[in-house]
Engineer: 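What follows is a single structure, and I will ask about it in a moment.
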There are 2 protein chains.
Amino acid sequence: MKVLIVEDDPLHRSYLHEAVNAALPECDTIIEAENGTAGEKLARDHKSAHIVMDLQMANRNGIEAARTIWKERPETRILFWSNYSDEAYVRGVSRIVPDGAAYGYVLKSASDERLKLALRSIFIESQCVIDREVRGLQQKSLGQTNGFTDSEYEILVDIALGLTDRAIAKRRGLSLRSVQNRLQQLYDKLDVYQAAGDDHEDGRFNLRARAVTVALLRKLLNYSALERAEAELQEWLDGK
Amino acid sequence: MKVLIVEDDPLHRSYLHEAVNAALPECDTIIEAENGTAGEKLARDHKSAHIVMDLQMANRNGIEAARTIWKERPETRILFWSNYSDEAYVRGVSRIVPDGAAYGYVLKSASDERLKLALRSIFIESQCVIDREVRGLQQKSLGQTNGFTDSEYEILVDIALGLTDRAIAKRRGLSLRSVQNRLQQLYDKLDVYQAAGDDHEDGRFNLRARAVTVALLRKLLNYSALERAEAELQEWLDGK
DNA sequence: CAACAAGCTGCGGGTTTACGCAAGACGGCG
DNA sequence: CGCCGTCTTGCGTAAACCCGCAGCTTGTTG
């Protein structure tokens with residue numbers, strides 16, 4: 001059995017190395033990559049079916065890498081080992097995991113024990129292991145209670161990218177007014193109206209810009225999500 | 001000699017512990033904190049004059065912590081040890097370092113040697129040690145070439161927070177038109193006009209929102225900077 | 001099938017943005 | 001002192017944005 005580790009931080013990488021050795025005696029080879037690009041290449045070359053990787057990496061982040069790896073080989077088992085449980089990451093991962101694939105999401109703050117257990121569950125038992133905290137977010141994000149619809153999330157991304165209403169309408173195949181409807185819905189859910197009725201005109205916000213910041217502060221968006229969205233946008237722009 | 005380590009990642013913390021031990025035989029006590037708040041408290045209680053800390057921490061980030069520590073005791077020597085050299089961080093640090101204070105900024109990607117050298121230089125020789133890469137940014141940011149003026153940066157933050165032109169004018173004591181002037185200047189420097197003249201009205205951007213994203217993508221802003229700015233904003237709002 | 005909720009769309013209008021134009025204000029500098 | 005560049009401000013306009021109102025299309029449910 002072969003395990004591929006994709007992680008940028010050398011200390012974390014060697015920690016993972018040890019953890020894999022300790023948890024999986026049946027593992028005879030460990031290979032390592034220090035960024036997403038290298039990870040993809042190694043995964044392809046070694047046809048590796050067992051990967052543990054970080055989400056936040058400078059060169060090419062874990063979500064991107066996982067997406068292409070899974071595209072080529074959906075049965076690959078991937079354990080994401082991340083510092084954060086931002087809704088943006090959770091949503092990003094959920095979006096790309098193939099049907100029935102075994103994967104895991106464990107926070108770096110978890111104990112050694114937990115990590116090792118997750119390694120065995122996923123790689124040996126083909127069972128999904130999602131950190132409790134992450135699962136909470138997932139539920140919230142899928143169920144509609146206090147969570148965001150896909151269409152709301154979509155429009156959030158669009159304004160975050162800086163598109164005009166018209167551009168969004170064109171991109172998503174909607175009318176101008178519908179786009180604006182969704183925006184209102186979004187503003188509502190993000191509760192961006194704060195401090196509006198204060199006096200008369202004192203501290204009014206620019207809703208559009210405010211929404212983006214609030215989303216960032218709430219970790220609904222993060223750098224990596226923006227980066228991905230920007231890439232998709234450029235693609236769309238090129239394809240006219 | 002006593003050294004305080006403030007760092008949230010346990011692996012990095014113990015690595016630092018070892019590095020300090022190896023580099024500074026004259027150090028007899030090492031204390032550790034795992035977030036900014038605890039770091040501030042320990043610094044105060046122990047009157048520690050030698051600190052090495054991370055910038056990105058969940059609870060209270062390094063810049064906040066450093067600011068209050070330096071406020072109480074400007075002669076404290078602080079070595080920032082960070083994963084990133086985002087312009088937002090560099091600018092944030094530059095903004096708070098007291099006149100003539102000895103401090104350092106070393107990236108986590110630096111070699112053991114470099115870290116140890118920096119520890120000695122700062123704590124023993126009271127000499128500033130700034131990572132080459134970081135220094136580059138500093139220069140660019142201070143010199144005006146391709147860099148951003150303080151007033152440009154200021155307005156960038158204001159629109160990122162989602163303030164209206166009017167609100168910004170009130171906050172900064174300017175006329176509406178001046179605010180808009182600065183915005184134009186900002187849009188110019190960020191080069192937000194891309195894809196405007198394309199066909200006729202195809203892919204136009206909402207400049208205000210686009211500017212924020214471009215700034216984020218270029219690391220001119222980051223989560224921590226937004227967080228700080230938001231706190232300042234709330235303060236201002238409360239003080240009517 | 002009727003009834004109802006949810007989403008899309010057009011119309012209309014009040015506000016905010018983006019920005020050209022031009023008249024001061026201030027600070028160097030020869 | 002007069003010239004010049006930078007910064008500020010007011011006026012005015014076209015576009016974009018926010019949003020209430022109301023007519024339509026769907027899918028759901030009793």
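Keep in mind that this is a model prediction, so the values were computed, not measured. Values below: all heavy atoms of this structure, side chains included; hydrogens, waters and symmetry mates excluded. Proteins get letters first, then strands, A, B, ... in listed order; numbering begins at 1 in each.
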Engineer: Give, for atom CG of A:Leu216 and atom OH of B:Tyr223, the distance between the pair rounded to the nearest 0.5 Å.
Structural biologist: 9.0 Å
Engineer: With sequence neighbours excluded, tell me which residues meet ring pair (Phe, Tyr, Trp, His ring centres under 6.0 Å) with A:Phe123.
Structural biologist: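 Here the qualifying residues are A:His50.
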Engineer: Only counting residues at least two apart or in another chain, list the ones meeting side-chain hydrogen bond (donor to acceptor under 3.5 Å, both in side chains) with A:Ser121.
Structural biologist: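 Partners of A:Ser121 by the side-chain hydrogen bond (donor to acceptor under 3.5 Å, both in side chains) criterion come out as none, since no residue qualifies.
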Engineer: For a quick test of reading the model, state the closest non-hydrogen atom pair linking A:Met57 to A:Gly36 and the distance between them.
Structural biologist: CE-N, 3.7 Å
Engineer: Give me the first and last nucleotide of DNA chain C, going 5' to 3', that has any atom under 4.0 Å from a heavy atom of chain A.
Structural biologist: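 Boundary nucleotides touching chain A, in 5' to 3' order, are C:dC8 to C:dT17.
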Engineer: Nearest 0.5 Å, what's the CG-CG distance between B:Leu186 and B:Leu220?
Structural biologist: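 B:Leu186 CG to B:Leu220 CG: 9.0 Å, rounded to 0.5 Å.
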Engineer: Which whole-number value in Å describes the distance from A:Leu163 CG to D:dC17 C1'?
Structural biologist: 15 Å
Engineer: Could you state the atom-to-atom distance from CZ of B:Arg210 to C1' of D:dA16 in whole Å?
Structural biologist: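 Atom CZ in B:Arg210 sits about 18 Å away from atom C1' in D:dA16.
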Engineer: Tell me: CG of A:Asp188 to P of D:dC18, nearest whole Å?
Structural biologist: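 Atom CG in A:Asp188 sits about 13 Å away from atom P in D:dC18.
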Engineer: Can you list, pair by pair, the side-chain donor-acceptor contacts under 3.5 Å of residues 171-178 of chain A, counting residues two or more places apart and other chains?
Structural biologist:
unit_1: A:Arg171; atom_1: NH1; unit_2: A:Asp158; atom_2: OD1; d: 3.1
unit_1: A:Arg172; atom_1: NE; unit_2: A:Asp158; atom_2: OD2; d: 2.8
unit_1: A:Arg172; atom_1: NH2; unit_2: A:Asp158; atom_2: OD1; d: 2.9
unit_1: A:Arg172; atom_1: NH2; unit_2: A:Asp158; atom_2: OD2; d: 3.3
unit_1: A:Ser175; atom_1: OG; unit_2: A:Arg177; atom_2: N; d: 3.4
unit_1: A:Ser175; atom_1: OG; unit_2: A:Ser178; atom_2: N; d: 3.2
unit_1: A:Ser175; atom_1: OG; unit_2: A:Ser178; atom_2: OG; d: 3.2
unit_1: A:Arg177; atom_1: NH1; unit_2: A:Asn181; atom_2: OD1; d: 3.1

Engineer: Calculate, to the nearest 0.5 Å, the distance between atoms CZ and OH belonging to B:Arg204 and B:Tyr193 respectively.
Structural biologist: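 Reported value, rounded in 0.5 Å steps: 10.0 Å.
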Engineer: Could you give the CG-to-P distance, from A:Leu207 to D:dC17, as a whole number of Å?
Structural biologist: 12 Å
Engineer: What residues form a side-chain hydrogen bond (donor to acceptor under 3.5 Å, both in side chains) with B:Gln185, not counting sequence neighbours?
Structural biologist: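 Result, side-chain hydrogen bond (donor to acceptor under 3.5 Å, both in side chains) vs B:Gln185: B:Glu152.
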Engineer: Tell me, for nucleotides 6-12 of chain D in 5' to 3' order, what letter each nucleotide earns: B for a base near a protein heavy atom under 4.0 Å, S for only sugar-phosphate near one, - for neither?
Structural biologist: --BBBB-
